[in-house]
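This report refers to the structure that appears directly beneath it.
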Amino acid sequence: MSNVYVFDHPLIQHKLTYIRDENTGTKEFRELVDEVAALMAYEITRDMPLKDVTVETPVMEASCKILSGKKLGLVPILRAGLGMVDGILRLIPAAKVGHIGLYRDPETLQAIQYYAKMPSDIGERELIVIDPMLATGGSASEAIRMIKNMGAKNIRMMCLIAAPEGIERLQEDHPDVDIYVAAVDEKLDEKSYIVPGLGDAGDRLFGTK
Ligand code: PRP
Ligand code: URA
């Protein structure tokens, strides 16, 4: 699992427990996903390169640092990925946002495409594909294939919960994409839901059941 990074910060783990809890209602679920996404954004940007600049403070000239690397782009997979966008944008407000519309056919488990709109300069950006759930990995793999076809080169995947099966699929299909998660769960059940997971992320976020 060499390209998988688990964010074990206590605040992330604490909030994830309440996200998993079936008694957590839509409003609180949404707030918690938003908060965890912001905390994960803080962690995922740790390796961003810096450069030296000089500023005049009210006291003297000072040598300081600012970000110097590629600009960022967020790519939420609709619908559930939307729940993580605002939290990340609070820390990285200048990031552009592309959208990929996919849903998992409940029978075949195939990812079905219905929308794609990317910033025109995705080839120059560091992209973070966002989805709370990496189950079979079919949706994430298809989303990444789609954005690579549109010119994306530097891609990371950020999820709340991944199943080992989804990680394996993504590593096989896209070995160049590092995976950042809050938890790796045990397995998939017979309907390919993550166990123990959190249920259906889109339904819990948007109150559709
Ligand atoms: C969920 C989830 C992922 C996908 C994961 O979306 O948000 O996109 O399933 O499953 P996979 O790894 O097996 O592909 P869903 O298809 O339920 O659509 P939604 O976000 O619109 O609810
Ligand atoms: N999609 C979800 O929302 N939850 C799962 O456990 C698997 C796929």
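First listed ligand is number 1; within each ligand, the first listed atom is number 1.
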Is the closest basic N to carboxylate O distance between [X] and [Y] below 4.0 Å?
{"X": "Arg169", "Y": "Asp173", "value": "yes"}
{"X": "Lys153", "Y": "Asp176", "value": "no"}
{"X": "Arg204", "Y": "Asp200", "value": "no"}

Rounded to the nearest 0.5 angstrom, the CZ-CD1 distance for Phe29 and Ile19 is 6.0 Å
What's the separation between atom CG in Leu82 and atom CG in Leu74, rounded to the nearest 0.5 Å?
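Rounded to the nearest 0.5 Å, the CG-CG separation comes out at 11.5 Å.
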Closer than 3.5 angstrom, by distance alone: can the side chain of Asp34 be matched with the main-chain N or O of Gly87 as a donor-acceptor pair?
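Pair found, side chain donor or acceptor close to backbone of Gly87.
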Can you tell me which portion of Ala201 lies within the under-4.0 Å heavy-atom range of ligand 1? Options are side chain, backbone, both, or neither.
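Contact part for Ala201 vs ligand 1: neither.
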Tell me which part of Thr136 gets within contact of ligand 1: side chain, backbone, both or neither, using heavy atoms under 4.0 Å.
both
[X] to ligand 1: N or O pair under 3.5 Å?
{"X": "Ala140", "result": "no"}
{"X": "Ala135", "result": "yes"}
{"X": "Ala80", "result": "yes"}
{"X": "Tyr103", "result": "no"}
{"X": "Asp203", "result": "no"}
{"X": "Tyr114", "result": "no"}

Just checking, is any N or O donor in the side chain of Gln13 or Asp8 under 3.5 Å from an acceptor N or O on the other one?
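Note: Gln13 and Asp8 side chains miss the donor-acceptor criterion.
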May I ask whether [X] has any heavy atom positioned less than 4.0 angstrom from an atom of ligand 2?
{"X": "Gly199", "answer": "yes"}
{"X": "Arg104", "answer": "yes"}
{"X": "Ala80", "answer": "no"}

Ignoring hydrogens, tell whether any protein atom lies closer than 4.0 Å to atom 1 (C) of ligand 1; use the non-hydrogen atoms only.
no
Is the shortest distance from atom 20 (O) of ligand 1 to a protein heavy atom below 4.0 Å?
yes
Nearest non-hydrogen protein atom to atom 6 (O) of ligand 2, with distance, is Ile194 N, 2.8 Å
What residue and heavy atom of the protein are closest to atom 3 (O) of ligand 2, and at what distance?
Ala201 N, 2.8 Å
Can you tell me if Gly137 has a non-hydrogen atom under 4.0 Å from ligand 1?
yes
On the 0 to 90° scale, with breaks at 30° and 60°, tag the Tyr114-Tyr103 ring pair as parallel, tilted or perpendicular.
tilted
